[in-house]
Chemist: 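For reference, the structure I am asking about is given below.
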Amino acid sequence: MRKKIALILGTALLASLPVLARTPAPENAQVYFIWPSDGMTVNHAFWVRMGLRNMGVAPKGTDIANTGHHHLLIDVDLPENMDEPIASDRSHLHFGAGETEARVELPPGRHTLQLLLADKDHIPHDPPVVSKKITVTVK
């Protein structure tokens, strides 16, 4: 009887733990900048146009295979822990409504931009779907 109770309690405990598995992405998925291009000079307010191949764009919370939504990383590196949701701050812009373009305002100077696709919970896919990091100069 004790073994049965221990088994039931153990199963209940495991069921209550969060699932940490990342959402799979096709190996050939690509996210990229349509505009701006690497090395461009832009105004302080400019449009960023985001492209995606071999996956679809869906709003946050949408649980459909091979979809995600864009995140724009500004002047930062990729997150160290890809098992956690992407931060939400001035350097990590979320496009959770499924946007594929956005108006961005940055101060004058050189800035790096990089796109990172994430799943319904803002967690990067496995493998991560990430763009090349580009540099723009804001005049």
Side-chain angles (χ1 to χ4, degrees):
M1 182 67 167
R2 286 185 182 176
K3 287 182 182 180
K4 195 173 196 178
I5 292 172
L7 180 61
I8 291 169
L9 289 174
T11 302
L13 177 62
L14 285 175
S16 69
L17 293 175
V19 177
L20 299 177
R22 290 175 34 210
T23 303
E27 293 287 334
N28 61 351
Q30 295 177 324
V31 64
Y32 56 93
F33 288 98
I34 296 171
W35 202 91
S37 300
D38 190 28
M40 282 186 91
T41 298
V42 296
N43 293 322
H44 85 282
F46 61 98
W47 284 92
V48 173
R49 292 187 174 87
M50 303 163 268
L52 182 62
R53 284 191 187 108
N54 302 315
M55 285 187 76
V57 176
K60 67 180 178 182
T62 303
D63 192 10
I64 298 175
N66 298 326
T67 66
H69 62 278
H70 292 288
H71 295 78
L72 177 61
L73 283 55
I74 302 169
D75 297 329
V76 294
D77 291 326
L78 292 171
E80 287 185 26
N81 187 348
M82 293 284 190
D83 294 329
E84 295 179 355
I86 299 169
S88 181
D89 55 35
R90 294 174 138 190
S91 296
H92 302 83
L93 303 184
H94 290 239
F95 300 104
E99 302 97 316
T100 57
E101 63 180 20
R103 188 171 166 91
V104 175
E105 294 185 26
L106 294 175
R110 284 179 48 124
H111 298 278
T112 61
L113 306 175
Q114 191 166 26
L115 296 171
L116 177 59
L117 201 71
D119 70 9
K120 63 184 178 55
D121 299 316
H122 304 283
I123 298 173
H125 293 81
D126 185 19
V129 181
V130 59
S131 75
K132 174 185 164 203
K133 187 182 278 192
I134 67 169
T135 301
V136 296
T137 302
V138 176
K139 58 182 176 177

Chemist: Under the side-chain hydrogen bond (donor to acceptor under 3.5 Å, both in side chains) rule, collect the residues that match up with His70, sequence neighbours excluded.
Modeler: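 By the side-chain hydrogen bond (donor to acceptor under 3.5 Å, both in side chains) rule, His70 matches no residue at all.
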
Chemist: Is a side-chain donor or acceptor of Gln114 paired with a backbone partner of Ser131 at a separation under 3.5 angstrom?
Modeler: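 Flag set: sc Gln114 to bb Ser131 pair under 3.5 Å.
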
Chemist: Hydrophobic cluster membership, with links at side-chain heavy-atom distances under 4.5 Å among I/L/V/M/F/W/Y: are Trp35 and Leu106 in one?
Modeler: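 Linked, Trp35 and Leu106 end up in one cluster.
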
Chemist: My understanding is that only residues two or more places apart in sequence, or in another chain, count here; which of them pass side-chain hydrogen bond (donor to acceptor under 3.5 Å, both in side chains) with Asn28?
Modeler: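 Counting only residues at least two positions away or on another chain, Asn28 forms no side-chain hydrogen bond (donor to acceptor under 3.5 Å, both in side chains).
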
Chemist: Picking from Asp75, Val42, Thr135, what satisfies side-chain contact (heavy atoms from CB on, under 4.5 Å) with His111?
Modeler: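 That would be Asp75; it is the only one of Asp75, Val42, Thr135 passing the side-chain contact (heavy atoms from CB on, under 4.5 Å) with His111.
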
Chemist: In this structure, would Val48 and Leu93 fall into the same cluster of hydrophobic residues linked by side-chain contacts under 4.5 Å?
Modeler: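 Yes.
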
Chemist: May I ask you to check whether over 12 heavy atoms, not counting those of Arg49, lie within 6.0 Å of atom CZ?
Modeler: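 Correct, the count exceeds 12.
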
Chemist: Mind running side chain to side chain contact (heavy atoms under 4.5 Å, CB included) on Leu116 and Val129 for me, showing each step along the way?
Modeler: CA-CA 6 Å; Leu116 177 59; Val129 181; 6.0 Å; no

Chemist: Any side-chain heavy atom of Val130 within less than 4.5 Å of one from Leu117?
Modeler: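 Sidechains of Leu117 and Val130: no contact.
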
Chemist: Kindly say whether His125 contributes a backbone atom to a donor-acceptor pair with the side chain of Arg22 at under 3.5 angstrom?
Modeler: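 It does hold such a pair.
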
Chemist: Kindly work out whether a path of hydrophobic side-chain contacts (I/L/V/M/F/W/Y, heavy atoms less than 4.5 Å apart) joins Val57 to Ile86.
Modeler: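 Per the 4.5 Å side-chain linkage, Val57 and Ile86 are not co-clustered.
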
Chemist: Indicate yes or no for a side-chain donor-acceptor contact from Asn43 to the backbone of Ala45 under 3.5 Å, with no hydrogens or angles considered.
Modeler: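 No, the answer is negative, given that no donor and acceptor are paired below the 3.5 Å cut-off.
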
Chemist: With under 30° as parallel and over 60° as perpendicular, where do the rings of His69 and His94 fit, or are they tilted in between?
Modeler: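 Ring orientation of His69 relative to His94: tilted.
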
Chemist: May I have all residue pairs that pass salt bridge (charged side-chain N to carboxylate O under 4.0 Å, His left out) and include part of residues 24-37, sequence neighbours excluded?
Modeler: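 Listed by first then second residue: nothing to list.
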
Chemist: Using the rule that Ile, Leu, Val, Met, Phe, Trp and Tyr join whenever any side-chain heavy atoms are under 4.5 Å apart, tell me whether Val138 and Leu73 fall into a single cluster.
Modeler: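 Result: no, two separate clusters.
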
Chemist: Please check if atom NZ in Lys133 has more than 12 non-hydrogen atoms from other residues, nucleotides or ligands closer than 6.0 Å.
Modeler: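 Atom NZ in Lys133 is packed in, count exceeds 12.
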
Chemist: Decide side chain to side chain contact (heavy atoms under 4.5 Å, CB included) for Met40 and Phe46; before the verdict, give the C-alpha distance in whole Å, the side-chain angles of both, and the deciding distance to 0.1 Å.
Modeler: CA-CA 11 Å; Met40 282 186 91; Phe46 61 98; over 6 Å; no

Chemist: Answer yes or no: are there more than 12 heavy-atom neighbours, outside Arg90 itself, under 6.0 Å from its atom CZ?
Modeler: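 No, the 6.0 Å shell around CZ holds no more than 12 heavy atoms from other groups.
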
